[in-house]
Q: 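First the structure, which I've put down as structure tokens, then a few questions once you've had a look.
Small disclaimer: the values here were computed from a predicted structure and weren't measured.
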Amino acid sequence: IGLTAMSFSSSTVCVGSTVTAQSTPTGGTWSVLSGPGTINASTGIISPTGSTMIDVRYIHPGVSGTSCPDTVMGSITPLANPIAIMTSSSAAMCVNTTRALTGTPAGGTFSVVSGGGTISGTTLTAVSAGTVKVKYAITGSGCSDDTTVDIIVNGLPAVSFSAPANTCPRSTTTLTGAPTGGTFSVVTAGGGTISGTTYTAPATAGTYTLRYDYTDANTCTNFTTQPITVNSKIGLTAMSFSSSTVCVGSTVTAHTTTTG
């Protein structure tokens with residue numbers, strides 16, 4: 001019947017994809033003689049399962065009374081897919097933290113498939129609590145592969161603490177944080193000192209900022225701040241007396257006044 005030489009719909013095919021073997025006239029039967037793959041007997045669509053050569057045969061029965069059967073052979077070697085592997089940690093993260101992402105083979109692209117996270121280059125930022133699905137895609141020799149990893153993002157603990165709005169110079173105050181077990185600190189330079197939960201105000205009046213940090217069981221840390229005002233002393237004048245001398249049995253009056 002005079003079949004044309006076998007050709008393929010693409011000069012290359014990746015394992016896991018398909019390519020179509022072609023010859024005319026149509027109406028014959030396709031088969032795989034050897035190699036890793038299968039072929040649709042009527043359409044010639046080849047589905048490679050490996051990256052070694054596939055030998056294909058096409059047989060046409062001819063047309064009764066006008067042409068005889070004919071056979072053509074051809075072969076194609078599929079390309080192996082790269083295997084994408086995400087090598088960075090998949091351990092849980094906390095909201096507002098970042099992680100450097102790595103994958104093999106190198107040179108692929110990271111993206112967020114779903115969940116509260118963003119990626120810039122190879123840096124993942126956890127934005128909200130939940131599960132973030134991260135994908136790593138790689139292309140090599142025209143073939144590609146990708147893989148995904150689920151990363152749990154834990155929310156930050158709710159943190160608060162109580163302290164008086166006002167205090168006096170050099171006085172001490174007990175601070176209370178919730179949840180308990182966190183750490184207090186003075187943010188403002190010269191704003192006093194803290195030992196455990198005891199705040200000692202500075203000698204200088206002013207408004208200072210105190211901070212409470214707390215880390216939960218998921219190692220997620222949050223903090224809150226609160227101002228505290230150290231009031232000025234009332235300011236007394238030096239003490240004086242209504243008389244520089246007084247006799248036993250008599251009286252004298254002590255005097256002082258405020259300066260502010």
Side-chain angles (χ1 to χ4, degrees), residues 3-24 26-59 72-155:
L3 294 173
T4 60
M6 188 180 298
S7 62
F8 298 91
S9 57
S10 174
S11 60
T12 59
V13 61
C14 302
V15 174
S17 299
T18 61
V19 64
T20 302
Q22 300 167 329
S23 180
T24 57
T26 59
T29 302
W30 298 90
S31 62
V32 170
L33 294 178
S34 63
T38 59
I39 192 169
N40 185 295
S42 58
T43 64
I45 297 175
I46 303 169
S47 299
T49 57
S51 57
T52 56
M53 182 180 291
I54 300 174
D55 293 314
V56 178
R57 179 175 64 187
Y58 179 58
I59 300 176
V72 291
M73 305 284 193
S75 62
I76 190 169
T77 301
L79 300 174
N81 290 317
I83 299 175
I85 301 173
M86 201 173 302
T87 54
S88 47
S89 172
S90 60
M93 299 175 65
C94 300
V95 169
N96 297 335
T97 61
T98 61
R99 174 171 296 164
L101 301 174
T102 56
T104 184
T109 302
F110 294 96
S111 61
V112 171
V113 178
S114 62
T118 61
I119 292 178
S120 177
T122 59
T123 301
L124 168 66
T125 299
V127 176
S128 60
T131 299
V132 176
K133 185 181 289 293
V134 177
K135 180 170 76 173
Y136 180 62
I138 186 73
T139 298
S141 300
C143 299
S144 61
D145 189 31
D146 63 71
T147 185
T148 60
V149 171
D150 289 339
I151 299 175
I152 294 173
V153 178
N154 294 312

Q: For the pair Asp145 and Thr147, evaluate side-chain contact (heavy atoms from CB on, under 4.5 Å) and give the outcome as yes or no after the intermediate values.
A: CA-CA 7 Å; Asp145 189 31; Thr147 185; 5.9 Å; no
Q: Between atom CZ of Phe110 and atom NZ of Lys135, what is the distance when rounded to the nearest 0.5 Å?
A: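 Between atom CZ of Phe110 and atom NZ of Lys135 there are 12.5 Å.
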Q: To check you understand the geometry: which heavy-atom pair defines the closest contact between Val149 and Ser90, and what is its length?
A: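 Looking at all heavy atoms of both residues, the shortest contact is CG1-CB, 3.5 Å.
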Q: Using a 4.5 Å cut-off on heavy atoms from C-beta on, say whether the side chain of Ser120 contacts that of Thr125.
A: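 In short, these two side chains do not touch, never coming nearer than 4.5 Å.
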Q: One pair to check against side-chain contact (heavy atoms from CB on, under 4.5 Å): Tyr136 and Leu101. What are the steps and the verdict?
A: CA-CA 9 Å; Tyr136 180 62; Leu101 301 174; over 6 Å; no
Q: Quick check: does any side chain N or O of Thr104 sit under 3.5 Å from a backbone N or O of Ile85, one acting as donor and the other as acceptor?
A: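 Not a single qualifying donor-acceptor pair exists.
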Q: Could you report the tightest heavy-atom contact between Pro105 and Ala84, atom names first, then the distance?
A: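 Taking every non-hydrogen atom into account, CD-CA, 4.5 Å.
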Q: If you round to the nearest 0.5 Å, how far is CG of Asp146 from OG of Ser111?
A: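 It comes to 8.5 Å.
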Q: Show the nearest heavy-atom pair for residues Ala126 and Cys94, with the distance to one decimal.
A: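 Closest heavy-atom pair between Ala126 and Cys94: CB-O, 3.5 Å.
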Q: Hey, is the main chain of Thr139 close enough, under 3.5 Å, to the side chain of Ser144 for a donor-acceptor pair?
A: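 Checking the backbone N and O of Thr139 against the side chain of Ser144, no donor-acceptor pair under 3.5 Å is found.
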Q: The criterion is side chain to side chain contact (heavy atoms under 4.5 Å, CB included); which residues satisfy it with Ser17, sequence neighbours excluded?
A: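 By the side chain to side chain contact (heavy atoms under 4.5 Å, CB included) rule, Ser17 matches Val13, Cys14.
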Q: Roughly how far, to the nearest 0.5 Å, is OG of Ser31 from CG of Asp55?
A: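 Between atom CG of Asp55 and atom OG of Ser31 there are 10.5 Å.
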Q: Do Tyr58 and Leu3 make a side-chain contact, defined as non-hydrogen atoms from C-beta onward lying under 4.5 Å apart?
A: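 Of all side-chain heavy-atom pairs linking Leu3 with Tyr58, at least one is under 4.5 Å.
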Q: How far does CD1 of Ile138 sit from SG of Cys143, to the nearest 0.5 angstrom?
A: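 Taking CD1 in Ile138 and SG in Cys143, the distance rounds to 12.0 Å.
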Q: Mind listing the closest non-hydrogen atom pair of Gly155 and Val95 along with its distance?
A: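 The answer is CA-CG2, 3.9 Å.
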Q: So among Thr20, Asn40, Ile54, which one has a side-chain contact (heavy atoms from CB on, under 4.5 Å) with Ile46?
A: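 The side-chain contact (heavy atoms from CB on, under 4.5 Å) with Ile46 is passed solely by Ile54 among Thr20, Asn40, Ile54.
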Q: For the residue pair Val56 and Ala21, what are the closest heavy atoms and their distance?
A: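 Distance-wise, the nearest heavy atoms are CG1-CB, 4.5 Å.
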Q: Holding to side chain to side chain contact (heavy atoms under 4.5 Å, CB included), I want the full list of residues that pass it with Thr12, two or more places apart in sequence or in another chain.
A: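 Checked Thr12 against side chain to side chain contact (heavy atoms under 4.5 Å, CB included); matches are Ser10, Leu79.
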Q: Are any non-hydrogen side-chain atoms of Leu33 and Met73 less than 4.5 angstrom apart?
A: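 A side-chain contact exists here, since the closest heavy-atom pair is under 4.5 Å.
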Q: Backbone N or O of Thr18 within a donor-acceptor pair of the Ser47 side chain at under 3.5 Å?
A: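 No, because the side chain of Ser47 does not come within donor-acceptor range (under 3.5 Å) of the backbone of Thr18.
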Q: How long is the gap from CD1 on Ile45 to OG1 on Thr38, to the nearest 0.5 Å?
A: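 Output value for this atom pair is 10.5 Å.
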Q: What distance separates Ser23 OG from Ile59 CD1, expressed to the nearest 0.5 Å?
A: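 The distance works out to 12.0 Å.
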Q: Which residue pairs pass the salt bridge (charged side-chain N to carboxylate O under 4.0 Å, His left out) test when at least one of the two sits in residues 93-108, sequence neighbours left out?
A: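 Residue pairs with at least one partner in residues 93-108: there are none.
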Q: Is there side-chain contact between Asp150 and Thr148, with at least one heavy-atom pair below 4.5 Å?
A: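 The answer is no; the side chains never approach within 4.5 Å.
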Q: Under 3.5 Å, side chain of Asn81 to main-chain N/O of Val15, donor-acceptor pair present?
A: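 Side chain of Asn81 to backbone of Val15, a donor-acceptor pair under 3.5 Å: yes, one is there.
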Q: Locate the shortest heavy-atom distance separating Val19 from Phe8; write the atom from each residue and the value.
A: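 Closest pair (atom of Val19, atom of Phe8, distance): CG2-CB, 4.1 Å.
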